[in-house]
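Since the structure comes first, as structure tokens, the remarks are kept for the end.
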Amino acid sequence: MDSRVPSQNEMHAALEKRQGAEAVRKLQAATVAVCGLGGLGSNIAISLARAGVGKLILIDFDRVDVTNLHRQQYKACQVGMPKPEALLANLKEIAPYTEFEIHFEKVSAENAEALLAKADVICEAFDNAEAKAMLVNTVLENMPEKFLVAASGMAGFDSGNSITTRKVTKRFYVCGDGKSDVADGIGLVAPRVMLCAAHQALTAIRLILGLE
């Protein structure tokens, strides 16, 4: 490893100084799955890695495209790479001692339980309405012990203040404005997508810490 990279102990001490020893202990013992590594998922993963979550399960079947670069956490030189591999490379530069598990495949009702079995919290970060509904239904019906943090509505140029986090059930949360849809011809812009991703990451962290 590059000699300029801080040691694991140094990074751990820095996290404890900023976040507190008990919070860091709980976060490092947790596993979070991020389903979909686009504008939401790539930003969620980076926030969770920076916060010190011990293990991240990263799942996507897509490759980095030039149209992704304006809002997703990839580099121009990574165009064409599988998103899990590209994001893993970027995350290792940020959080070299975090444990990662990547899957270059599509989440389905048939494989979701196997892919997500180790996760304490599952973050839904798809951009397809059918895929969102599939994951929510599958988790709520077949994995009721898991926490699920989903997203709905982060398109356009509306105020960021309209993006909120809503508790739907004891273990199911939805972040977003609940109305803006890309299908309406409204585009996705980085700051608003990142706001929604930050809501999801913070909700996952709060759940791990027992604050929700």
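- You'll find the side chain of T98 stays beyond 4.5 Å of the side chain of L48, heavy atoms only.
- Side-chain contact check for I57 versus H103: some heavy-atom pair is nearer than 4.5 Å.
- Results of the salt bridge (charged side-chain N to carboxylate O under 4.0 Å, His left out) test with E93 over R50, R4, K75 single out K75 as the only residue that passes.
- A salt bridge (Lys or Arg N to Asp or Glu O under 4.0 Å) check over residues 64-73, counting only residues at least two apart or in different chains, returns nothing.
- Using a 4.0 Å cut-off between a side-chain N of Lys or Arg and a carboxylate O of Asp or Glu, R25 and E16 do not qualify as a salt bridge.
- Side chain of H70 to backbone of L188: a donor-acceptor contact under 3.5 angstrom is found.
- A salt bridge links R192 to D177: at least one charged side-chain nitrogen sits closer than 4.0 Å to a carboxylate oxygen.
- Taking all atoms of both residues into account, the shortest heavy-atom contact from A151 to V174 is C-CG1, 4.4 Å.
- Neither V136 nor Y173 shares a network with the other; the hydrophobic side chains, linked directly or stepwise wherever heavy atoms of I, L, V, M, F, W or Y lie under 4.5 Å apart, form separate groups for each.
- One N or O on the side chain of K132 and one on the backbone of F126 form a donor-acceptor pair closer than 3.5 Å.
- Of the possible donor and acceptor atoms, one in the side chain of N111 sits under 3.5 Å from a partner among the backbone N and O of K106.
- The shortest side-chain heavy-atom distance between V53 and Q28 does not fall under the 4.5 Å cut-off.
- Closest approach of A45 and L56 over heavy atoms only: O-CD1, 3.5 Å.
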Taking distance alone, no hydrogens or angles, what donor-acceptor pairs closer than 3.5 Å link side-chain atoms of residues 200-212 to residues at least two apart or in another chain?
| residue | atom | partner | partner atom | Å |
| --- | --- | --- | --- | --- |
| Q200 | NE2 | E124 | O | 3.0 |
| Q200 | NE2 | V149 | O | 3.1 |
| T203 | OG1 | H199 | O | 2.7 |
| R206 | NE | E212 | OE2 | 2.6 |
| R206 | NH2 | L211 | O | 3.1 |

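- Here CD of Q19 is found 13.5 Å from NZ of K17. Values are rounded to the nearest 0.5 Å.
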> Could you walk me through whether L87 and Y74 pass the side-chain contact (heavy atoms from CB on, under 4.5 Å) check?
Replying inline: CA-CA 7 Å; L87 186 59; Y74 300 104; 3.8 Å; yes

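- Applying the side chain to side chain donor-acceptor pair (under 3.5 Å) test to residues at least two apart or on different chains, the pairs with a partner in residues 29-49 are N43-Q73.
- Between V64 and A86, the shortest heavy-atom contact is CG2-CB, 4.0 Å.
- In the hydrophobic clustering of this structure, L40 groups with L88; members are Ile, Leu, Val, Met, Phe, Trp, Tyr whose side-chain heavy atoms approach within less than 4.5 Å, directly or through other members.
- With a 4.5 Å cut-off on side-chain heavy atoms, P144 and V139 do not count as touching.
- Hydrophobic clustering of Ile, Leu, Val, Met, Phe, Trp and Tyr side chains at less than 4.5 Å, counting indirect connections, keeps V168 apart from V121.
- Side-chain contact check for F104 versus D60: every heavy-atom pair is 4.5 Å or farther apart.
- In plain terms, the two heavy atoms of I44 and C123 that are nearest each other are CG2-SG, 4.1 Å.
- A donor-acceptor pair under 3.5 Å is absent between the side-chain atoms of R171 and the main chain of L148, judged by distance alone.
- Looking at E101 and K55, their side chains come closer than 4.5 Å, going by heavy atoms from C-beta outward.
- There is no side-chain donor-acceptor pair under 3.5 Å between E10 and H12.
- The neighbour count for D120 CG, taken as heavy atoms of other residues, nucleotides or ligands under 6.0 Å away, is above 12.
- The nearest pair of heavy atoms linking A33 to A119 is CB-CB, 3.8 Å.
- For the pair F100 and K92, the tightest heavy-atom approach, listed with the atom from each and the gap, is CE1-CG, 4.3 Å.
- Between the side chains of Q78 and K83, no donor N or O sits under 3.5 Å from an acceptor N or O.
- The side-chain heavy atoms of I102 and E85, taken from C-beta on, include a pair separated by under 4.5 Å.
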